[in-house]
Every structure is written in C-alpha cells, then in structure tokens.
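Single-structure report; data block below.
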Amino acid sequence: HIVKDSDETYTCPYCPEKKIYRYLDLVQHASGVGNSSSARRTPIMKANHLALAKYLEKGLVPLVSSLKPAAQEDPLSGCDHDEKIVWPWTGIVVNIPTRKSEDGRTVGESGSKLRDELIRRGFNPIRVRPLWNNCDHSGIAVVEFRKDWSGLHNALSFENAYEADHRGKKDWGANNDVKYGLYAWIARADDHKSSSIIGEHLRKTSDIKTISKLMEEEARKQDRLVSYLTNILETKNKHLKEMEAMCSVTSESLKVLMEEKDNLLQAYNKEINKTQQSARLHYQKVFSDHEKVKSQLESHRKDLELREVELEKREALIERERKKLAEELEENVVQNSALRLAALEQKRADENLMQLAEDQKRQKEELHNRIIQLEKQLDQKQALELEIEQLRGSMNVIRELGDEDDDIVLTIIEASFKELREKERELEDLEALNQTLIVSERKSNNELQEARKELINGLKEISSCANIGVKRMGELDNKPFLEAMKRRYNEELAEERAVELCSLWEEYLKDPNWHPFKRIKLEGEEYQEVIDNEDEKLKDLKDEMGNEVYKSVTSVINEINEYNPSGRYATSELWNYGEGRRASLQEGVEFLLNLWNATKGKRGMT
C-alpha cells in the first residue's frame, strides 16, 4: 500500500477517495475511523485504519522528520480572518448514541469518555459537556478547546477530520436520511444564534468574535504589555542606579568599618594575650594551692582512718554492752512477767478465798436450815410412825375382833391402792404421748421451714408487683449512692464512684468484727440492741454522703442483725410489702393459689 505521496503529503490506502492529508491529519483520520462506533464502518475497515494509525505512530520512522514542520506550521493559515466564530473555541458533536434507562430517562455516553477518545485522536480538548434536556440526554455535546491559537488549531483539525470522513456540518444537514455515527464541527455565528439547545448553551457560555478582532485584541494586549514592561524596565533601571549609588556609599562605609574592625581585632588580640598570661599565672598558683590542700587532705584522711578504726572498736564494745543490756532487759521482763503472774495468782487466790468463805458461810446457813428442816421432818416422821403403829394396833385389834366393818375399810384401802396404781400407769401413758407429740411438732416445724424455702424459691422466679413477694434482707441499694454522687460528678463518673463506694460498704457489712450497736435498758431487766449513732464509720458516712445514704445503710445493718447476724450476708425472706413485715406461710400459699387460679382462668378464656 502506498501511503506517502511526497515529502509533506500522504493518502489513506483504505479509503476509495484518494484525499491528500498532512501527516497529523492522516493520523487523526486513521484513529477516528478505527475508534468509530458507527455501524456503517465494517470491522475490517476499522481494523485496517487502526493498523494504519499504529504504523504511522510507530513504524513509519522517516515520517518523524515531517512532524516538526507540521507542528511549527502557522495555525491561522488557510483561515478566514473575518469569519465569525464562537469564542472560546467550541466544537459541537451530534448524533451521540442514547438509550432508555430503567426509570424511563434517556441516557448516553459520558463527556469524559468522549473527551478521552478525542485526546487519543490528537485534538486535545479541555472538556466535553453533554447537553441535557431537562433530565434526558439530548444526544448533543459541546467540546471546549483552549483559548489560545493552539486551541484554534486543534479545533480546526477536529472539524477537518470529521469533514474528511463526511461527518461535518454540511453532511449532517445534507438530507433527512437516518444517520449513524458522530458528526462534528466548530461552532460559528449561526449555531450561536440558533434557538435550539445548542444556541441556548452557547449564548450562556461564549461570545461571537472574528479572528481579526481577536488578533487586534491580542495586539492591543501585547502593546499594553510592552508598555507596561517598558515602564517596569525604566523603573528597574532607575532603581538599579540608585542601588549602585547606595552600594558605592556602602562600600566606602564598609571599608572604614573594616579598618576599624582590624584595629579592634589587634587590640582584642593584645588583650587576649594579657588575659591568657594572667590566667596561666593564676592556674599555676591554683595548682600549687591544690597540691598543698591535697597533702593536707591526705593527712586528714589518715587521721580519719585511725579514728574510724577506733570508732569500730568502740562500736564493737557498744554492741557487746547492748547485747548484755538486752539480755538483762529480757531477764527483767521475765521476772516482771513472773511477778505479774504471781500477783495475778495471789489476786485470784484472794478472790477464791473470799468466794470460799462466802460459800462456807452460805453452806453453813443451808446446813443449819437443813438441820432445822430435818428435825421437823424427824418430828413428823416420828409422829407418823406413831400413828402407823397406832393404826397397826387398831388394825390388829380389828382383825382379832373380826368386825365386818373393818373388812370393808380394808377393802376400801385396797381399792384406793389399786386406783392409785392405775392413775400412775395413766400418768406414764400421758408422758409417753406428750413425748410423741413433741417429736411430731419438731418434724412438722422442719417440714414447714422446707415448704417456706421452696415457696421463696418459687416466688423468686415470678415477676410480680403484688403485696406478697421475696425481699433480699441485708442487700445494699445502689440508688442512694448514685443520687449522692450525681450531686458531685457528671453522670458517667458518678455511676463509677457510686459502684465503688457501694462495694466498699458491702465489704464493711460482711466484716464480723464491726458491730455498730449499743445496748439500752428497757423496763425491768430487759435490754435491747440499737444502732450506735456515735460509730465513726456511720458518722463519716452521714457527714459525707447525706441522710439518705445513711438511712439506707442503717436499715440494711438492722436487717442483717435481725435475720442473719452470724453469717452477715444477704438472705431471701417472704415479705408482705403492703404491711411492711415478714409474711406468714399461709399468706404466701394463699397468694400462690390466687395467682394459679388467675392464670388458669386466663387459659380457659383463650
């Protein structure tokens, strides 16, 4: 295939029309056809043009020399300087493929994708703006180029490339047939004045100017710039002369200052030499004094070493004396303890002696009373024995006489003895029955306690707002601590401090050695334990945290002392919340039955 016609002109071997191109125009033509999305271009034609573009860019080495003249060519050559063109330089691309989206809107390719394609073809646009009609893509886009002459050259190359492919403005308006692929041209005055969406956009963003007018404006700008730069240059020259004059004056001053500096430096060197000499003499004097002091310190060190040896000897002697004194003190302690024990034993002996004397006195009194009582019992016994003897004599007399009435009396006596023995047997039976009832009562009481525990465990699992429920006796409430801390700290820190303080008081409550109670005497000989308001911990708590926290803690202390004084931990108890007291087992069972009946009734209704 023949591509190169001459040193500056080329032809496309794959197009039937043998049109003459410059090197860059042929590269743009081959790239445009190869990357075209038109259905009229066959795949073979696109592949051939892409291969031609690749060959021109990389394979055709001799053509590189023709690139420089084309790049240095005047961009305004061949242009009508009086033609009205839209400025900034703007290209128009129409017939962009569009499609319907799922929401019914018309959409098309993005401007960035079209811009990248134009950049690949060498047109170098700044941006591509698709024009939208309300929310629908109009299938039209405007291409913005740089405002300088290179931008105009790129815009003209852009238009020439599409005209070479018969896709220019004239081709777009030639007939009303259905057209495929993109059509493009440079925006001119008729486009700017049109009533279409293109005209509306151009009137908002650009203006109409001729190339000659732009050249005149640029010439005026250059003249102003030259005038401005000339003034700046004159000002700079004037300033330079002033600076040169100042520099000469400064040089003279600097010369004088350098001379003064040299003089000062000589004087300084002389002074330094004198100072160094005096410092050397002073150092020698200090060194000699140091040697003297060193010898004195050495002798003093030896004296101190001798004194140290002497002090060690004295310390050893003092240690022996201290040990001896400690042994004597221990002996004295043992003796004192022995004497103290002896005094205690003597005191105990005296107390035992006094107790023994009192016991002997009491025993003598009891023995005297016992003797008197025994004498009385002896008199009664003797009188009774005398009566018995008299009765025996009477009975013997009666028996000897054989009186029937006496037999009746004996019969009555025997019947009385028999009845007495029966009463004794009945008494023994009653005692056995009483013992059986005691055992049965203990067993029933144990069963009631077990039933109460099971009832408490069952009510723990039932969430209820009724009067009967389970209360934790001796469990500390965190709310008063939290309210007290909120008055001092923010909410987060108050909650943390409240938990710490509540945990601390829970440990205090578990301490068996802390018993903040005092005993007060009631009527008679009875005593009662109450909270000791003078306890140091409780007083500090009331002063620091307030009355609410104090009431909460003392309430828990009373509950622990009443329901679990030995274990000192929280226990569960059946409680009557309505009356504020410990509930009976009967109340708990009745509540549970009512709850069961209510639940059963609800199930029946459903």
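These numbers were taken from a predicted model, which means no experiment stands behind them. Computed from heavy atoms alone, side chains included, the values below leave out hydrogens, waters and symmetry copies.
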For [X], look at atom [atom1] and say whether over 12 heavy atoms of other residues, nucleotides or ligands are found less than 6.0 Å away.
| X | atom1 | value |
| --- | --- | --- |
| Tyr180 | OH | no |
| Glu536 | CD | no |
| Leu265 | CG | yes |

Would you find a donor on one side and an acceptor on the other, under 3.5 Å apart, between the side chain of [X] and the backbone of [Y]?
| X | Y | result |
| --- | --- | --- |
| Ser295 | Lys292 | yes |
| Trp87 | Ile208 | no |
| Ser138 | Leu131 | yes |
| Ser227 | Asp223 | no |
| Ser194 | Asp191 | yes |

Practice problem: Only counting residues at least two apart or in another chain, list the ones meeting side chain to side chain donor-acceptor pair (under 3.5 Å) with Arg105. | Solution: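 Partners of Arg105 by the side chain to side chain donor-acceptor pair (under 3.5 Å) criterion come out as none, since no residue qualifies.
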Output yes when [X] and [Y] qualify as a salt bridge under the 4.0 Å nitrogen-oxygen rule, no when they do not.
| X | Y | value |
| --- | --- | --- |
| Asp477 | Lys479 | no |
| Lys274 | Glu271 | no |
| Asp190 | Lys169 | yes |
| Arg314 | Glu310 | yes |
| Arg487 | Glu483 | no |

[Y] and [X], any side-chain heavy atoms less than 4.5 Å apart:
| X | Y | result |
| --- | --- | --- |
| Val33 | Asp165 | yes |
| Leu538 | Ile557 | yes |
| Ser206 | Glu144 | no |
| His29 | His49 | yes |

Quiz item: If you round to the nearest 0.5 Å, how far is CH2 of Trp505 from CG of Asn478?
Solution: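 Output value for this atom pair is 15.0 Å.
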Self-check item: Leu306 CG to Arg301 CZ distance, which is reported to the nearest 0.5 Å
Solution: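 Separation between the atoms: 10.0 Å.
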Self-check item: Which residues share a salt bridge (charged side-chain N to carboxylate O under 4.0 Å, His left out) with Arg322, sequence neighbours left out
Solution: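 Only Glu319 meet the salt bridge (charged side-chain N to carboxylate O under 4.0 Å, His left out) criterion with Arg322.
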